[in-house]
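Notes to accompany the following structure.
A note on names: the letters A, B, ... follow the listed sequences, proteins ahead of strands, and every chain is numbered from 1.
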2 protein chains.
Amino acid sequence: MKQYDHPLAQDMQLSCLLYALSDPFRLTVVRKLAACQPQPCAPLQDGRPKSSVSHHFAVLRKAGLIRTEVVGVTHMNSLREQELESRFPGLLAAILAAASVEDVPV
Amino acid sequence: MKQYDHPLAQDMQLSCLLYALSDPFRLTVVRKLAACQPQPCAPLQDGRPKSSVSHHFAVLRKAGLIRTEVVGVTHMNSLREQELESRFPGLLAAILAAASVEDVPV
DNA sequence: CTGTTAGTTCGATTATAGTCGAACTAACGG
DNA sequence: CCGTTAGTTCGACTATAATCGAACTAACAG
């Protein structure tokens with residue numbers, strides 16, 4: 001059973017987090033996960049080809065934003081909220097709040 | 001006297017802000033401005049050619065992070081803290097706090 | 001074993017960004 | 001007017017990232 005690399009909280013880099021979240025599609029994924037987790041990739045695809053979605057999930061994983069666990073056939077994704085909070089207190093909450101301030105609904 | 005375009009607070013986009021701040025050089029500029037403003041570009045150059053620095057300042061300006069005012073020969077830059085706060089409350093503070101948590105000093 | 005599902009990996013293409021030197025410009029001092 | 005300073009703009013090059021189809025893989029159902 002294949003598993004994924006997830007950086008340690010202490011190795012998360014602010015620039016990588018901000019970069020990962022600066023893409024509207026990836027930010028939307030994070031918002032949806034914040035609202036409902038864990039979730040597999042499929043319902044978050046939003047009409048894109050699987051290879052593109054997989055790429056975006058990999059960026060989120062490498063930044064440390066999400067954790068992906070293989071559960072049977074699906075790969076369940078969840079936000080690493082506590083670890084993010086321990087590394088950068090208040091950051092994720094502030095960004096999610098900013099995202100909900102923007103006109104676009106989740 | 002040449003002036004610059006600065007987006008209105010209501011037109012600032014989260015993805016542009018995060019993108020602008022995801023570059024370590026630009027984040028450093030913002031941190032230095034937060035510590036001491038207004039400042040001209042020159043002391044923030046950090047050994048780069050002027051054209052590169054000018055490019056990074058333009059990115060920060062277009063995102064809405066900084067305001068540049070022409071004052072005589074120099075261009076004075078300041079953080080648009082209040083406008084950012086009105087658009088995305090707590091966001092800039094959280095990112096600056098996260099930056100100071102990272103090992104690198106200003 | 002076969003088929004299916006969910007997602008990854010590969011490879012090619014395209015688009016976007018960063019970098020830098022060189023030429024330019026606006027404001028000032030003398 | 002001339003030189004200097006501070007920063008922009010231009011254009012070329014390079015590097016990084018997004019996109020997508022196609023082939024692949026792991027886990028499960030039957």
Bend angle of the helix from C:dC1-D:dG30 to C:dG30-D:dC1, end axes from five pairs each (to 10°)
20°

When every non-hydrogen atom of B:His6 is compared with those of B:Ile66, the smallest separation belongs to CD2-O, 3.5 Å

Considering only nitrogen or oxygen atoms on both sides, find all protein atoms under 3.5 Å from nucleotides 18-20 of chain C and state each distance.
unit_1	atom_1	unit_2	atom_2	d
C:dG18	OP1	B:Tyr19	OH	3.3
C:dG18	OP1	B:Arg26	NH1	3.0
C:dG18	OP1	B:Arg26	NH2	3.1
C:dG18	OP2	B:His55	NE2	2.7
C:dT19	OP2	B:His56	NE2	2.7

Ring centre gap for A:His75 and A:Phe57 strictly below 6.0 Å
no

Counting only side-chain N and O atoms of B:Tyr4, is one of them less than 4.0 Å from OP1 or OP2 of D:dT8?
yes

Check whether any side-chain heavy atom of B:Gln45 lies under 4.5 Å from a side-chain heavy atom of B:Ser52, and answer yes or no.
no

Is B:Arg61 close enough to D:dT8 that one of its side-chain N or O atoms is under 4.0 Å from OP1 or OP2 there?
yes

For A:Met76 and C:dA6, what is the distance between atoms CE and P respectively, to the nearest whole Å?
12 Å

When you compare the side chain of B:Ile95 with that of A:Phe88, does any pair of heavy atoms fall below 4.5 Å?
no

With sequence neighbours excluded, what pairs up with A:Glu83 under the side-chain hydrogen bond (donor to acceptor under 3.5 Å, both in side chains) test?
A:Arg67, A:Arg80

Whole angstrom is fine here: how far is it from CG in A:Asp5 over to P in C:dT9?
10 Å

In whole angstroms, how far is the P atom of C:dT25 from the NE2 atom of B:His75?
14 Å

Whole angstroms only, please: what is the CD-P distance between B:Gln3 and D:dT8?
12 Å

If you group Ile, Leu, Val, Met, Phe, Trp and Tyr by side-chain heavy-atom gaps below 4.5 Å, do A:Val53 and A:Val73 land in one group?
no

Output one line per pair: protein atom, nucleotide atom from nucleotides 28-30 of chain D, and distance, for all N/O pairs under 3.5 Å.
none

Can you list, pair by pair, the side-chain donor-acceptor contacts under 3.5 Å of residues 17-24 of chain A, counting residues two or more places apart and other chains?
unit_1	atom_1	unit_2	atom_2	d
A:Ser22	OG	A:Tyr19	O	2.7
A:Asp23	OD1	A:Phe25	N	2.9
A:Asp23	OD1	A:Arg26	N	3.1

Round to the nearest Å and state the distance from B:Lys50 atom NZ to D:dA6 atom P.
8 Å

So, do A:Glu102 and B:Arg87 sit near enough that their side-chain heavy atoms are less than 4.5 Å apart?
yes

Could you list the residues that satisfy side-chain contact (heavy atoms from CB on, under 4.5 Å) with B:Gln37, not counting sequence neighbours?
B:Leu33, B:Ser78, B:Leu79, B:Glu81

Can you tell me the distance, in whole Å, between the CD atom of A:Glu69 and the P atom of D:dA27?
14 Å

Under the side-chain contact (heavy atoms from CB on, under 4.5 Å) test against B:Asn77, which residue among B:Val30, B:Thr68, B:Leu60, B:Val29 passes?
B:Thr68

Whole Å only: how far is the CD atom of A:Gln45 from the C1' atom of C:dT8?
12 Å

Measure from CZ on A:Phe25 to C1' on C:dA15 and round the result to the nearest Å.
19 Å

Return yes when atom CG of B:Asp5 has more than 12 non-hydrogen atoms of other residues, nucleotides or ligands closer than 6.0 Å, and no otherwise.
no

